[in-house]
Amino acid sequence: MYSQIQEKQLYQSTIDFLSLEKLQAQDYLQAIACLQYHEWKYYVQNEAVISDQQYDLLFQFVKEFEAAHPASIHQDSPTQRVGNDSISEFETVSHLQAMLSLDNTYNLDDLNDFDQRIKKLCSLSSEQELEYLVEPKFDGGSISVVFENDQMVRAATRGDGMRGDEITLNAKTIKSLPLKAKFSSLGITKAELRGEAIISKSNFAQINIKREQQGLTLLANARNASTGVLRVKDPKETASRNLDLFIFQFSFAENQNRDSVLDQFQNQNQSIEALAQLGFKVATVERKLCKGIQQVFDFIQQWVERRDQYHYELDGMVVKLNDFKLQELCGYTSHHPRWAVAFKFQAKQASSKLLAVEFQVGKIGSITPVAKIEPVPLAGVTVSSISLHNEDFILSKDLHLGDTVLVERAGDVIPYIVKSFPELRPESAKAIRFPTHCPSCDSALIKEQDQAAWRCVNPNCPAQLTQKLIHHVSKDAMDIDGLGSSLIERFAELGMIRSMADIYRLDYQAISQLEGMGQKSSEKLKLSIEKAKKNPIHRVLHGLCIHHVGKKVSKLIAEQIHSLLDLQHWPLERYIAIKDVGPVVGEKMLNYFSQVENITMLKEMEILGVNMIQTEEDQAKQISDGVFSGKTILFTGSLQSIGRTEAQELAEQAGAKNLSAVSSKLNILVVGTDAGSKLKKAQEIPTIQIMTEEEFLKAIGK
Ligand code: IVH
């Protein structure tokens, strides 16, 4: 349909147009061509390369241009008709009622305009409060189903709105679609309903886990997972996806005399209730009758907040004028009904360009690749920097510099790259190469067995030291107010801090002379540092940046000692004897406290006034239970962002006990990629909670 060169050109034009304020006359036809291309990507290829929001913006540009130049409106303009999702291999059928699209709004002002427009169309006063039915805008594939004499006889995709692809056998596999329904009890012999085929978020996650095991490319989102299988040749494939069908429109009903009998319902809500009675799946708690546009807006706001917890993907809410007589007065454009509008949520996914990759050195030397992308607005923030986790992640996503990438940010989840689009890749694009040497000190990087990250093991690596210092002064560790990462970086660059001990012997006189500092800030800093010197020893221990020794473990160890320096005499057994401390932590502690330079530094800190002694008050403090306290856990498959041992250690720190096999004794199974028989077995035991790696890390606060 489109050559690769055309695809690249159309994508580039889209991006260029989107950066404009409005469309110029000479760009109008190209903008239409772009919209048509994106409709094809979205409806036919099921692989959108721009977000809905980006599409809507370009659509809006075209609409505005057409409003200003009505004589130039092209008949193929997407504003004049709905997109076409037909695939030539399918038989097409005519819908009994045209399947139109919806107009979009993004804010309260737009909604108010919509409300006022309707009042004008219905010749009502602008103060009158209208009744609206508000329900989710399900994000899946739109289909129509026809019933004759209480039997489901036909299902079709939307197609061009007038004719769609016939997909009856595929639709029959959808369990929430009754194949028989007593329309006759309503005097209806022939009916057409419209609904959205969707899949739940958890089902989507399972599908992708399976695809990864089978070495297939991952599906970008739940929408793609549902629409893709509506139009396959083998209905078994559709059945395997476990689609759901929400019905949202009773679009046609006639009796044996072929008279329309839809008028037995007075409003939208009644017609939907009647369908629910007949056994169709409709929005229930998610649907509300609202009086006046403010109530509509309030209900939508509730859903903006609940969206991430909801088990289906929603891309907005649909607002429909409830009364059928008023709907008739409003009528239709060739593109959408004038009595309904979609309120679109902020996009969670958008495409952007991968500009560069920076390799950052962490506090224990792990190298994290960070993608710099062309800034994109996503769910309320602008994203320009995204962690790529590790080398395997880059390879699995086949990332090249200059690639167009799909970026997702859902709720409070950190943004991540879902996929790249090889079809839009510039010919000269180079694959991303992971460095072999540390970008800070040039030491050769190593990768330990079982670990996902490459690491710099040079103990004197300047970048590592800076990160260690930043951790040392951070909230969870020594909590030094006013000494943030930029000041640490500055002091390190000036050679004022070369070790942790140096923090406690800063030259405040010199600091007061620094640009932007002055006497006052210097004194304030001194106060914070003096205060930090009195911190309990678990904070000092946590601040030392010993691998795997986090907040909780530091507290557990600190409880057992009088002075921090006692630890230089501790054998491994003493660490392991502490409940919830394992051998991995023990080894790391042993290693740290056996190095002379570390002991020397701690002694220096002690001389400088940093507290090294356990006070009674600290000892009395109870340690809060970990999130997995008393739970058993097992990791299976390969983990992406951490190694297996590290994960087990983290689980231990959070109070869990690691098991080695799946049995009814197991509480939690954390699933990485390529999970096999263990996952299968766990799925058969309903008491086992199955978690993704991401969910596990989130639970432990990582
Ligand atoms: S009403 C004439 N209600 O959104 C009625 N549409 O962007 C027009 N959609 O093609 C549609 N949930 O596939 C309606 N509750 C809902 C919907 C909904 C999802 C889809 C539908 C339509 C698209 C328009």
Side-chain angles (χ1 to χ4, degrees), residues 35 38-39 42-43 46 48 51-53 55-56 59-60 78-79 81-86 95-106 114 132-145 155-162 164-165 167 171 192-199 222-223 226-227 230 243-252 262 267-269 271-272 275-276 280-290 296 299-300 303 307 310 312-322 324 327-328 330-345 347:
L35 287 175
H38 293 301
E39 283 173 0
Y42 185 92
Y43 291 124
N46 195 27
S51 68
D52 278 15
Q53 220 161 331
Y55 174 89
D56 290 345
F59 188 92
Q60 188 61 30
T79 62
R81 57 199 190 94
V82 296
N84 192 341
D85 67 13
S86 286
H95 299 302
L96 305 182
Q97 176 75 33
M99 284 176 84
L100 295 182
S101 189
L102 286 168
D103 201 10
N104 292 325
T105 60
Y106 285 92
F114 163 73
Y132 292 105
L133 185 69
V134 187
E135 63 192 12
K137 181 168 191 312
F138 297 109
D139 201 9
S142 199
I143 65 174
S144 74
V145 276
T157 66
R158 188 174 69 165
D160 64 2
M162 304 314 259
D165 292 345
I167 52 152
E192 186 182 52
L193 316 177
R194 190 169 166 189
E196 196 88 352
I198 56 176
I199 71 166
R223 181 189 175 275
S226 52
T227 55
L230 279 178
L243 294 172
D244 263 325
L245 181 68
F246 273 91
I247 299 292
F248 53 73
Q249 206 66 25
F250 202 154
S251 43
F252 179 93
L262 261 187
N267 57 47
Q268 186 78 24
N269 200 37
S271 69
I272 296 298
L275 292 175
F280 292 93
K281 187 166 186 154
V282 302
T284 50
V285 288
E286 312 89 336
R287 171 168 53 102
K288 188 179 170 174
L289 264 182
C290 298
V296 169
F299 184 60
I300 291 175
W303 275 92
R307 172 189 189 192
Y310 191 54
Y312 295 101
E313 213 56 82
L314 300 181
D315 64 343
M317 299 295 283
V318 183
V319 184
K320 295 172 182 169
L321 183 61
N322 194 35
F324 277 159
Q327 281 190 6
E328 228 169 276
C330 293
Y332 300 81
T333 72
S334 49
H335 177 264
H336 59 259
R338 289 199 184 91
W339 44 263
V341 78
F343 185 99
K344 298 285 279 281
F345 293 154

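Only a predicted model underlies this, so the values are computations on that prediction, with no experimental measurement involved. We count ligands from 1, going down the list as the structure has it; atoms in each ligand are counted the same way.
Heavy atoms from both the backbone and the side chain of K137 come within less than 4.0 Å of ligand 1. Contact annotation: for P136 versus ligand 1, heavy atoms closer than 4.0 Å belong to the backbone alone. At a heavy-atom cutoff of 4.0 Å, ligand 1 is contacted by the side chain of V318 but not by its backbone.
Of the listed options Q249, R158, K320, K320 places a heavy atom closest to atom 3 (N) of ligand 1.
Here E286 pairs with P136, A283, T284, W303, Y310 under the side chain to side chain contact (heavy atoms under 4.5 Å, CB included) rule; sequence neighbours left out. With sequence neighbours excluded, the residues forming a side chain to side chain contact (heavy atoms under 4.5 Å, CB included) with S144 are H95, M99, A156, E192, listed by chain and number.
Geometric assessment of R223 against the ring of Y42 yields a positive cation-pi assignment under the 6.0 Å and 45° thresholds.
Taking 4.0 Å as the cut-off between side-chain N and carboxylate O, D85 and R158 do not count as a salt-bridged pair. Using a cutoff of 4.0 Å between basic side-chain nitrogens and carboxylate oxygens, K137 and E196 are not scored as salt-bridged. Salt bridge present: K344 and D52 bring a charged side-chain N and a carboxylate O closer than 4.0 Å.
Counting protein heavy atoms only, atom 12 (N) of ligand 1 is closest to F138 N, 3.0 Å. Ranking the protein heavy atoms by distance from atom 22 (C) of ligand 1 puts R194 NH2, 3.5 Å first.
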Problem set entry | Y132 and L321: CA distance, side-chain angles, deciding distance, side chain to side chain contact (heavy atoms under 4.5 Å, CB included) verdict | CA-CA 5 Å; Y132 292 105; L321 183 61; 3.9 Å; yes

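Residue contacts with ligand 1 do not include A340, since none of its heavy atoms lies under 4.0 Å from the ligand. The closest approach between H336 and ligand 1 stays at or above 4.0 Å for every heavy atom of the residue. The shell of residues lying under 4.0 angstrom from ligand 1, judged by heavy atoms, excludes G141. Residue-ligand proximity: M99 is placed with every non-hydrogen atom at 4.0 Å or more from ligand 1.
Ligand 1 has an N or O atom lying under 3.5 Å from an N or O atom of S142, backbone or side chain.
In this structure, Y43 has its ring center no closer than 6.0 Å to that of H38. With ring centers used as reference points, F138 lies 6.0 Å or more from F248.
Remark: ligand 1 atoms within the under-4.0 Å shell around heavy atoms of E196 are 9 (N), 13 (O), 19 (C), 20 (C), 21 (C). Ligand-side atoms of ligand 1 in range of P337: 2 (C), range being under 4.0 angstrom from any heavy atom. Listed by number with element, the atoms of ligand 1 under 4.0 angstrom from any heavy atom of E135 are 3 (N), 15 (N), 16 (C).
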